[in-house]
Each structure stands twice: as structure tokens, then as C-alpha cells.
Amino acid sequence: MTPLLTAAQWYPERIGIALALCSGLLLLGSWGKGSGIGLSELATRAATLGMMALTGIMNWGRRANGDSERTMSEDRSQLLVEKANRRRAEEALEDAQVRFRSIFESSHDGFAYAGFDGRLLEVNRAFEALTGYSREELCNRSASDVIAGEQVETDLEQRRRLRENGRAAEYELDYVRKDGRKVPVSVNAFVVRGRDGTATGLAMIVKDMTERKQTELALRKTAEQLHQKNEQLARANELLSAAQRAAARVQRLSVIGQFAATVAHKIGTPLTALSGHVQLLSEDRSLAPHVRSRLEIVETQIERTSNIIQDLLVYARRPDPVWATVDVNACLKDCFALFQTECARQKVEGILKLAAEPACVRADRQQLQEALHHLVENALQAMPDGGRLTLSSSLAEASPVERGQRIAIDVADTGSGIDPEHLAQIFQPFFTTKTIGRGTGLGLAIVQETVRAHGGQISVESEPGKGSRFSIFLPLVGESP
């Protein structure tokens, strides 16, 4: 037993087992000796057995208490750990709330949290400054109360869409401040969700757009001013170009005028004398037919030379226009009637189309009539085998540098047309593609000078083999002749 008890001292958790073994050995020893054991020894063994049993019971109690104490100590440690973790979590949550509140309040843009019904639950200082209301006045109040009346439906529709699809939305509104002043704002709204993922309300970031709108307005005004300046510059450039062309034309006309005057003086008088002698000779009835034929050729060429000199004088020294209110339709009717016989002779179909409304311009009727005659003569010469000649008038929009409407006068034919390489030269003096004896090359130059003198423009469209269309544009006047 002594070794067992000694071992139990080293392993206190096994002391109960050691005592039980020692008690068993004592009982076996007493049983083996039978009646040979004395009363005193028996009493000693019984006392020893009782002490051992009592020691075992006490040791078991201490173990139970120790286990309980250890369990309680572990529970206390776990509680302390949990409490420390909870304190740290609360501190972290409090720090996050402080940071969020700092961001929420220090933002220059208005922040607001609202329910899906539009009731404001929280706003920051920037939102207060934007609307002019205090937080107490705004909270539990509908967001529609600070929105311009005509835009409330827009806000309701955006909130409805947000609740249905959950996607962030950005739109513009006009807020009405407490003092009644409207403020243009940009609203960026998105859904706020709880821990379980369900939508709890709406967050709105509201940005004041006043400065941006003012900047956009200033930019638009600047753009309009630049556009007006560009138009003025374009008009000034056109006027300058016109002045340059006029100066060049004046210089050219001056040279041509001097030349025409010299030609008229040097050649005109001899031609007149020649023409007179030819006419006298033609009256001699004794002349042979072939001689009379040659005299007719001479007279024709004298007349052609005189016409060339006359065209030079007309081009170089055109008289000042006699201004009056002229009905364009009446001019076209006269021109059409004048050339009807020639059209019939050449088997050309004549068509006259006139504007339904009065078409009056400020013009020299004689000069305008001469310009139309030149164009019609050119058209008939381009259709020696017949065709179609169309004279028409119609209303046209003003050009970019003019105001009001214009009248368009068109002279179109189905003749031979003009080669593209010649289109840029047809208005130049003395340029002609006609055969010798058919023209001087001054007709279209005179037409262009007449149109420009009347404040108009002339253009041409032509395709070889398909005919030509000359269009004259003149500014309309509201007065009838």
C-alpha cells in the first residue's frame, strides 16, 4: 500500500483509484487471516480503511470543486473575451458612424435620405443651405414640397422606377427655396438596402446647378454672338469681294470704253459711208445678180461690224438704270410674245410658267428686257433642230446675306448644252463657243452686268446634249407697279 499511496501523491488525479486499491488489499488481508486477527489490529485496520475512504471522498470533492472552478474560470475568460470583442465592435461601429456623419455633413453637395413615399428622414447641412429650410423643417416632410410644381410628377416617376428596378437614376429638377427662388439641381438617387438585402429607402445626392446653368447660358450667348460676328464677317467679306470685283470691272470697263470710243470714231464713220455707197449700188437695177449678191454680203458684214461696235459701247458705257417697280411676269409675257414667231420657225415648243403671286422688283424695265432677250436668243441658237424653250418665274428663299424673298427667273432649253470646262468662262467678255459670225461674246457679259446692277445673282446649270438652264434671282419688293 505504501508504494500506491506514494504514487498517488505524484498523480493527485489518480488518488481515488489508489485509495480504493489500498482498501481492497486491507480487506483481503483481513479475510485471509480469519480469526487470527486480534481485536486491536482489526480496529486499526478498520480505522485505516475509514480514513482512506474519508480521504478519497475529500479528494473527490476537491476534484469536483476544482473542475467547477476551472469551468467557471473558463466561462469568465470567455465572457471577458466576448465583452472585449463586443467593445471593439461597438467602438469600430461608432468610428464608422462618426466618419459617415463627418462625410455626410461636410459634403458640399446636399445629401438626403427618404422613404419610398418621398418623406425626408435625414438631411445634411448642404441640403439645408440649398433649400433654405432647417433640418427640423425638412424631416418628416415630403420631398415634393421643395420641388417646382410642374416637375413633381417627374420626381414621382423617378422614385417609382427606382423602387421597381433598383437601378440608380440621375435627373434634373428645379427646387423651390424657402424664399421662393428656384434653384436648378441635379439629383443622383439610389436605393439603400438593409442587412437582409431588402430596400429600406432612397439616398439622394443633390447638386446645385446654378453656376453650371449660368455658364451654359453664357456659352450659348457667346456662341450666338460669334455666329452673328461670323455672319457679319461673311457679309463684310462678300461686300469687300463685290467692291473688289466692282473696282476691277470699273477699271476693265474704263479700258474697254476708251477702246470702244476709239473704234467707234475710227471705224464707225467709214462704215457708215461704206453702208451708204453699198445701198446706192444695190439700187442700180442694171447690176448682174451675182454682183447684187456680193453687195448683200458686204452690207451684211458692215451691219455685223456695226453691231460689234454697238455691243462694245453698250457694255462699256451702259446708261444709269431708270428705276421703277417692274412686274417680272409682265416682262416674261412680252418676251415670250416677241419670240413666238421665231420659235415656230425653228420648230421650238415655247412654254411659259408664271408665279401665281405678284412678282415685283425694283429694276430698269428696258435693261431687264434686254437681258432676257439675250438669254432667249442664246437658247434658240442652241436648238437649230427644234426643242423646248421654257420661261418661268417662281418665289425663292433669300440668300444667306440677304433678307426677304427673291424672285427666280428661269430660261431653260433642251439644246446642245455647254461643256463643263467652258462653264466658268461663259460670262467673260468676248468669250464665245459660237461659229464666226454668230456672236461677239458680249451677250452673257451684258446680262451678268445687268443682273448685278439690279442687286441680283445669276447662275447656270448645263449638261452637254441635254440643254441649259439660266436662273436670275432678284430681290422682291412689296409694291405693285
Side-chain angles (χ1 to χ4, degrees), residues 102-114 118 120 122-135 137-138 141-192 202-244 396-406 457 473 475:
S102 175
I103 296 171
F104 185 77
E105 292 295 345
S106 62
S107 173
H108 291 291
D109 295 331
F111 273 85
Y113 175 66
L120 295 171
E122 186 61 71
V123 297
N124 68 346
R125 285 192 291 267
F127 195 90
E128 294 180 81
L130 182 64
T131 61
Y133 293 98
S134 65
R135 178 182 280 103
E137 292 174 311
L138 290 169
R141 186 174 182 176
S142 175
S144 300
D145 293 343
V146 295
I147 298 174
E150 66 275 10
Q151 296 179 343
V152 171
E153 288 298 326
T154 301
D155 184 63
L156 293 175
E157 178 65 18
Q158 291 293 342
R159 289 208 306 269
R160 184 186 64 78
R161 291 181 181 178
L162 272 170
R163 189 167 188 175
E164 289 178 355
N165 55 41
R167 292 194 295 269
E170 186 172 358
Y171 52 97
E172 293 187 1
L173 295 171
D174 284 336
Y175 273 13
V176 181
R177 287 175 49 86
K178 187 176 182 179
D179 57 12
R181 181 168 58 89
K182 284 187 177 182
V183 180
V185 298
S186 172
V187 180
N188 189 351
F190 52 92
V191 175
V192 177
L202 297 175
M204 296 178 290
I205 303 174
V206 184
K207 186 176 183 63
D208 188 348
M209 302 289 287
T210 302
E211 291 185 4
R212 177 178 169 181
K213 294 293 184 182
Q214 291 175 347
T215 303
E216 290 177 352
L217 180 60
L219 287 175
R220 281 198 298 271
K221 288 183 178 179
T222 303
E224 290 175 359
Q225 292 174 354
L226 286 174
H227 182 67
Q228 293 175 357
K229 295 293 185 184
N230 286 337
E231 288 185 345
Q232 293 174 0
L233 182 60
R235 285 194 292 269
N237 286 337
E238 185 163 338
L239 291 174
L240 178 59
S241 178
Q244 291 174 341
E397 294 297 328
S399 67
V401 295
E402 295 176 343
R403 295 182 181 276
Q405 285 189 310
R406 301 181 297 170
Q457 296 174 328
F473 299 93

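- When all heavy atoms of Ala169 and Gln158 are compared, the closest pair comes out as CB-OE1, 3.6 Å.
- By the 4.0 Å N-to-carboxylate-O rule, Glu157 lies close enough to Arg160 to be salt-bridged with it.
- To the nearest 0.5 Å, atom CE of residue Met209 and atom CG of residue Leu173 are 11.0 Å apart.
- The backbone N or O of Phe473 sits nowhere less than 3.5 Å from a side-chain atom of Gln457 that would complete a donor-acceptor pair.
- In this structure, CG in Leu240 is found 15.0 Å from CZ in Arg235, a value given to the nearest 0.5 Å.
- Classification of Arg212 and Glu216 as a salt-bridged pair holds, one side-chain N sitting under 4.0 Å from a carboxylate O.
- Side-chain polar atoms of Ser134 and Glu137 form a donor-acceptor pair below 3.5 angstrom.
- Side-chain contact between Lys221 and Leu217 is present, with heavy atoms from C-beta onward closer than 4.5 Å.
- Not counting sequence neighbours, the partners of Ala114 by the side-chain contact (heavy atoms from CB on, under 4.5 Å) test are Leu120, Met204.
- Glu150 CD: more than 12 foreign heavy atoms inside a 6.0 Å radius.
- For the pair Glu170/Ser186, a side-chain contact is recorded, criterion being any heavy-atom separation below 4.5 Å from C-beta on.
- Residues Tyr133 and Val123 form no side-chain contact, since every pair of their non-hydrogen atoms from C-beta on lies 4.5 Å or further apart.
- A donor-acceptor pair is defined here as one N or O able to donate and one able to accept, closer than 3.5 Å; no such pair exists between the side chain of Ser241 and the backbone of Asn237.
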Take Tyr175 and Ile147, measure what side-chain contact (heavy atoms from CB on, under 4.5 Å) needs, and give me the verdict at the end. CA-CA 4 Å; Tyr175 273 13; Ile147 298 174; 3.7 Å; yes

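- Contact of the Asn188 side chain with the Asp109 side chain is not registered, since no non-hydrogen atoms from C-beta on lie closer than 4.5 Å.
- The shortest side-chain heavy-atom distance between Asp174 and Val185 does not fall under the 4.5 Å cut-off.
- Interatomic distance, CZ of Arg220 versus OG1 of Thr215, reported as 10.5 Å (0.5 Å rounding).
- Leu202 approaches Val192 most closely through the heavy-atom pair C-CG2, 4.2 Å.
- Annotation for Ala148 and Lys182: closest pair CB-CE, 4.1 Å, computed over non-hydrogen atoms.
- Between Ser144 and Leu156, the shortest heavy-atom contact is OG-CD2, 4.3 Å.
- A distance-only check finds a donor-acceptor pair linking the side chain of Arg177 to the backbone of Leu130 [under 3.5 Å].
- Taking the side chain to side chain donor-acceptor pair (under 3.5 Å) definition, one finds that Asp208 meets it with Thr210, sequence neighbours left out.
- Between Ile205 and Lys207 there is no side-chain heavy-atom pair separated by less than 4.5 Å.
- One finds the CG atom of Asp155 at 9.5 Å from the CD atom of Glu153 (value rounded to the nearest 0.5 Å).
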